[in-house]
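One structure is given below, encoded as structure tokens.
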Amino acid sequence: MNKELTCNQVAALINFYIDGRLNPRLKQDFDNHLAKCPTCRKKIEELQKIMSKFKHSEPEQTKDELQMDFINNLSAYVDNELNSNENIKIKKMTISNPNARKELESMYKYKKLLHSAYEKTKNDSKFDYSKTIVSKLQDSQDYTTNYFIKLSLGFVAIMMAIIGGFIYLYL
């Protein structure tokens, strides 16, 4: 009995399909899906074109050079900043090398840790700013009220002086 694969499952298996590393039964299910789905078929064709250009245009690299490229591009890969050729290199290295997989997992953990630290700092600073603003608003209300009272008393004193001056002059 053949199982119908979904587009998401096909996307997850593309690298294995291109490298010819699917078992015969799964390859048959994969081929059946490609026969029915033009979107997935187009993805496969584009990836195969890219891979053929990649294999013919670049000289073979040693394992050490590949690992150095992997390490140098890992952060950019995690942040989705690489082109498709570099992404494929990283994916192949991650699939085929357990140490590379561990390195990638630790990079994701590091990114998650940085993100949570950033969110905590952002939340702490929001709290501090709001507390400072509220205290300034409370202080400014007292200041405005006191200032108004002093100004009113000053105005009353000046008016009394003027009225007193008129009374003195005319009496």
Side-chain angles (χ1 to χ4, degrees), residues 4-16 33 37-47 49-51 53-54 58 61 64-171:
E4 299 254 345
L5 295 177
T6 65
C7 291
N8 288 337
Q9 291 170 328
V10 167
L13 296 171
I14 284 178
N15 288 334
F16 295 106
H33 179 83
C37 182
T39 306
C40 291
R41 190 171 45 249
K42 185 177 177 184
K43 279 184 189 178
I44 294 287
E45 290 169 359
E46 288 176 3
L47 279 173
K49 285 179 188 176
I50 291 171
M51 291 301 292
K53 288 178 186 177
F54 177 70
E58 289 189 17
Q61 293 179 311
D64 291 337
E65 289 173 334
L66 285 172
Q67 286 179 332
M68 287 307 295
D69 282 348
F70 176 79
I71 291 169
N72 292 336
N73 291 331
L74 191 57
S75 178
Y77 173 77
V78 169
D79 294 333
N80 294 324
E81 297 172 346
L82 295 178
N83 63 32
S84 58
N85 287 339
E86 295 295 324
N87 272 336
I88 290 172
K89 275 186 186 178
I90 297 287
K91 286 178 183 177
K92 285 183 86 172
M93 179 70 94
T94 304
I95 289 170
S96 64
N97 187 338
N99 290 332
R101 220 175 1 263
K102 286 180 185 177
E103 191 71 30
L104 181 64
E105 287 171 0
S106 67
M107 183 62 77
Y108 276 118
K109 286 178 186 175
Y110 180 69
K111 182 180 178 182
K112 185 178 178 182
L113 179 66
L114 284 176
H115 182 72
S116 65
Y118 169 75
E119 287 297 320
K120 183 182 182 307
T121 303
K122 188 172 85 172
N123 291 337
D124 289 348
S125 67
K126 279 183 184 177
F127 177 75
D128 289 341
Y129 284 127
S130 63
K131 188 176 181 182
T132 303
I133 290 169
V134 168
S135 67
K136 284 185 179 182
L137 286 174
Q138 288 173 347
D139 291 344
S140 68
Q141 287 175 350
D142 292 339
Y143 177 75
T144 305
T145 305
N146 290 337
Y147 184 71
F148 178 75
I149 291 172
K150 287 178 183 179
L151 187 62
S152 299
L153 289 175
F155 179 75
V156 168
I158 291 173
M159 291 305 290
M160 287 177 63
I162 291 173
I163 292 172
F166 281 125
I167 292 175
Y168 179 74
L169 283 175
Y170 292 111
L171 285 180

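In what follows, every heavy atom counts, from backbone to side chain, and hydrogens, waters and symmetry copies are set aside.
Residues meeting the side chain to side chain contact (heavy atoms under 4.5 Å, CB included) test with C7, sequence neighbours left out: H33, C37, C40. Looking at residues two or more places apart in sequence or on another chain, you find a side chain to side chain contact (heavy atoms under 4.5 Å, CB included) between L82 and N73, A76, Y77, E86, N87, I90.
Scanning both residues, E4 and Q9, for their nearest heavy atoms gives O-OE1, 4.1 Å.
Taken to the nearest 0.5 Å, the CE atom of M159 stands 5.5 Å off from the CD1 atom of I162.
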